[in-house]
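Notes for the one structure printed next.
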Amino acid sequence: KQEVTQIPAALSVPEGENLVLNCSFTDSAIYNLQWFRQDPGKGLTSLLLIQSSQREQTSGRLNASLDKSSGRSTLYIAASQPGDSATYLCAVSGTASKLTFGTGTRLQVTL
Amino acid sequence: KAGVTQTPRYLIKTRGQQVTLSCSPISGHRSVSWYQQTPGQGLQFLFEYFSETQRNKGNFPGRFSGRQFSNSRSEMNVSTLELGDSALYLCASSVRTGELEQYFGPGTRLTVT
């Protein structure tokens with residue numbers, strides 16, 4: 001059974017800092033990995049999707065890497081801003097559309 | 001293009017009642033998946049529908065059921081509600097089953113008293 005863990009559970013950083021969020025999964029036979037953002041009480045916004053054959057994806061200040069063999073992914077956020085404050089979730093899919101989610105990292109960027 | 005819509009956004013029900021939640025996918029998307037999010041269990045997969053057929057099912061009791069209509073809209077039903085069913089229910093749509101990227105709706109917040 002796939003298990004996804006995210007570290008740290010919560011993180012508070014001052015504006016402007018670069019930061020790294022970690023995601024690990026137990027079964028390396030994944031189809032793809034997605035990073036999502038969730039604002040309080042809201043749905044999920046897809047940030048980056050990495051296919052199993054890819055090593056990384058970039059979008060603006062975000063960069064996500066994937067190491068399938070070690071079961072790890074990182075989300076790098078450059079020059080953090082208060083608007084980046086949210087919960088970040090990683091999710092892997094082993095088959096079809098079923099996503100297994102991590103526990104999330106709650107990020108707060110302070111002024 | 002309109003995103004995934006879910007109705008109602010908020011719902012309060014009493015234990016023992018049943019509830020039906022609705023999800024309209026993005027136009028042209030034919031796969032709809034449902035997830036339950038609770039503080040204790042996080043986000044868990046309920047089921048996926050594609051072309052009016054259930055393609056995948058999570059580990060939830062039979063009180064949780066769903067269906068999909070010919071226009072790809074999906075409904076989820078929970079019978080005999082329990083306090084533990086209080087959660088944010090999210091649906092996600094994709095072009096087809098097995099599609100890489102899924103787009104999530106804003107969710108329905110269900111409170112069972």
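Naming: A, B, ... by sequence-line order, numbering from 1 per chain. Just so it is clear, the model here is predicted, and its values are computed rather than measured.
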Determine whether more than 12 heavy atoms belonging to other residues, nucleotides or ligands lie under 6.0 Å from atom CZ of A/R72.
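No, CZ of A/R72 has 12 or fewer neighbouring heavy atoms, counting only those of other groups under 6.0 Å.
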
With a sphere of 6.0 Å drawn around CZ of B/R63, does it hold more than 12 non-hydrogen atoms of other residues, nucleotides or ligands?
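Yes - once you tally the heavy atoms of other residues, nucleotides and ligands closer than 6.0 Å, there are more than 12.
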
In terms of hydrophobic clustering (I, L, V, M, F, W, Y; side-chain heavy atoms under 4.5 Å; direct or indirect links), are [X] and [Y] co-clustered?
| X | Y | value |
| --- | --- | --- |
| B/L21 | B/Y49 | yes |
| A/F101 | A/W35 | no |
| B/F45 | B/F60 | no |
| A/I30 | A/L21 | yes |
| B/Y103 | A/L62 | no |

Name the region of [X], side chain, backbone, both or neither, that has any atom closer than 4.5 Å to a heavy atom of chain A.
| X | result |
| --- | --- |
| B/Q44 | neither |
| B/Y35 | side chain |
| B/L43 | both |
| B/R55 | neither |

We want to know whether B/Q37 and A/Q38 form a side-chain donor-acceptor pair, criterion being a heavy-atom distance below 3.5 angstrom.
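Yes, A/Q38 and B/Q37 have a side-chain donor paired with an acceptor closer than 3.5 Å.
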
Going through the distances and angles, do B/E101 and A/S46 end up as a side chain to side chain donor-acceptor pair (under 3.5 Å)?
CA-CA 8 Å; B/E101 194 158 10; A/S46 179; 3.1 Å; yes

Of all heavy-atom pairs between A/K42 and B/L88, which one has the smallest distance, and what is that distance?
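A/K42 and B/L88 have their closest heavy atoms at O-CD2, 3.9 Å.
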
Taking the side chain as every heavy atom from C-beta outward, state whether A/K98 and B/K57 have any pair of such atoms under 4.5 Å apart.
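They are not in contact (no side-chain heavy atoms under 4.5 Å apart), so the answer is no.
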
Any B/F104 side-chain heavy atom under 4.5 Å of A/F36 side chain:
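In short, these two side chains touch, coming nearer than 4.5 Å.
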
Against chain B, label A/L49 side chain, backbone, both or neither, depending on which of its atoms sit under 4.5 Å from a heavy atom there.
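Contact with chain B: side chain only.
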
